Every structure is written in C-alpha cells, then in structure tokens.
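What you are looking at is a predicted structure, and each value in this text was computed from that prediction instead of being measured. Atoms within each ligand, like the ligands themselves, are counted from 1 in listed order. In what follows, residues are counted from 1 in the order of the sequence shown.
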Amino acid sequence: MPALKVLQLSDLHVLPHAGDTLLGVDTEYYFARILNEAFQSHGTFDLVLLTGDLGQDPTPDSYRRIAGHLRHYATPCLCLPGNHDDWPLMQRELNADALSCRKQWLFPDWQIIGLNSQKPGSPGGYLAGEELDFLDRTLAACTLPALLAMHHHCVASGSPWMDTMMIENGEELLRIAENYPQVKAITCGHVHQEIAQQQRTIQIVSAPASCFQFKPGATEFALDIKPPGYRVFELYADGSLKTACHRIAAEQPELRLDLNSY
Ligand SMILES: [Fe+2]
C-alpha cells in the first residue's frame with residue numbers, strides 16, 4: 001500500500017499586490033516556485049497542508065492569488081490561519097472546490113486535524129477552549145492515526161525572541177495529545193525554520209517558511225540565509241510515518257533587514 005503523501009507549506013506571507021516585496025523578498029514568487037519544485041521533485045500529493053501566515057496584511061485579492069496558484073495543481077488543500085491572516089476572509093476565499101478551511105480531514109487510514117492557534121490582537125499563539133475541546137472530542141471519536149497541525153509552535157524552538165510567541169498553553173495541547181496513542185505527530189509553521197523534536201511517542205516538527213527564514217537560536221529578530229523550503233510527510237497505513245524538510249535550489253533571495261516591515 002503506497003503511503004499517503006502530504007506537502008506542508010507555511011508562512012507564505014503573500015502581499016496585497018503582485019510583485020510587492022517583504023524584507024526584500026517577492027513572497028508570492030517564492031510560494032509559486034516552492035509549489036512547482038515540490039510537485040516536480042515528489043510527483044503528486046494527496047494533500048497540501050498550509051499552516052498559516054498565508055497573507056501579510058491580507059486582502060481578498062491576496063487570497064484569490066494564493067487560490068489561483070494552488071488550483072493549478074488540482075490537489076486538495078487544507079488552509080489554517082496564522083497570526084497575520086484574516087481568518088473570516090480566508091474562510092470566504094479559500095473554502096471552495098479543492099480548497100478547504102475545515103478542521104478535520106479524513107483519509108481511509110489517517111486523519112489530519114487542523115487547529116486555530118490565533119490569539120486575537122497578538123502575534124503569539126493560544127488554543128482557545130473550543131479548539132482543545134474539538135481536539136479532545138475528535139480524537140475520542142476517531143482512532144485513526146492522527147497528524148495535528150496548527151500555525152504556532154507548542155514547544156520551545158530555541159530562539160528566545162520567537163519563543164515569546166509560542167502557544168502559551170501548549171502544555172494543555174500536549175496533555176490531550178498524549179492521552180490518545182493514535183496521535184503520531186504535531187506540525188506547525190510560524191518559526192520560519194525547521195523544528196524536529198520527539199515528545200514521548202509524538203514527533204513535533206515544523207516546516208520552514210516558503211519565503212525568508214529566521215536564524216535558529218537567535219535571541220532577537222535575525223534572518224537566516226537558508227533558501228525557502230517545505231516539508232513532506234509520508235503516512236503509512238500501519239500508523240508509521242516518514243517526514244523530511246526540503247529546500248529549493250534557489251539563488252539566494254536578497255534579504256533586506258528591516259524588522260519594522262515584518
Ligand atoms: Fe510567518
């Protein structure tokens with residue numbers, strides 16, 4: 001039985017107008033390029049999982065341009081909100097045909113559960129009671145192996161400035177997840193770098209951003225020179241999984257250090 005293949009993209013930061021740049025990077029160009037290179041390198045995917053910060057100061061047109069790039073691949077896409085997203089607008093623009101903002105995606109042998117970790121008015125993360133209740137209820141009702149996904153990170157990344165913005169009640173998430181042996185992995189975005197940790201039986205990972213990267217271990221805002229990247233999951237029917245980050249063979253985006261514009 002072939003594995004279920006999931007492509008995770010995160011932190012697109014697509015801007016209101018095509019051709020605009022953020023920190024010197026044309027974010028939409030790299031989003032389109034990542035998609036293209038991921039499909040070229042890995043063939044088809046069963047799902048594209050987008051873990052937030054799809055838009056930077058998003059407008060309807062930002063999300064429509066994102067939808068246009070995604071629809072080209074005719075693959076189901078699950079869209080989760082990040083701190084820069086407008087969640088009601090996302091749900092209007094990215095919730096038709098192959099694009100979905102639903103919270104549970106069922107395959108015959110696996111389930112993907114997406115949570116909203118937005119903390120209104122803050123760049124940091126938080127899981128409201130209704131998100132945690134949804135997770136608990138969903139896992140109680142369905143024992144399929146589960147991949148949990150959300151924008152913010154639930155464990156420290158090792159970057160003190162970034163860890164001020166992690167999910168502030170991440171321990172509650174882990175407490176619920178550890179109650180259900182079918183939870184195999186938790187993935188996120190937000191950190192613009194790779195996380196790969198193990199918490200008891202649960203793999204905790206992140207995808208790099210599809211635009212600019214943050215420097216691992218930095219104590220304050222600092223960009224990294226690594227190219228944009230993505231994560232691929234191979235989910236097997238016996239509940240095992242393989243996952244790895246990949247980076248595009250890109251010429252280095254010319255980064256412009258300007259915290260105020262991020
Ligand atoms: Fe981001």
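By the salt bridge (charged side-chain N to carboxylate O under 4.0 Å, His left out) test, Arg64 is found to be paired with Glu93, residues two or more places apart in sequence or in another chain being considered. Here Ala32 pairs with His69 under the side-chain contact (heavy atoms from CB on, under 4.5 Å) rule; sequence neighbours left out.
Note: Phe221 and Phe214 meet the aromatic proximity criterion, with ring centroids under 6.0 Å apart.
Not a single N/O/S atom of His190, whether from backbone or side chain, sits less than 2.8 Å from the Fe ion (ligand 1). Distances from the Fe ion (ligand 1) show that His84 has no N/O/S atom below 2.8 Å.
Of the options Phe233, Phe107, Tyr236, a side-chain contact (heavy atoms from CB on, under 4.5 Å) to Leu4 is made by Phe107 and by none of the others.
When the Fe ion (ligand 1) is compared with the N/O/S atoms of Asp53, atom OD2 turns out nearest. Distances from the Fe ion (ligand 1) to each N, O or S atom of Asp11 single out OD2 as the nearest.
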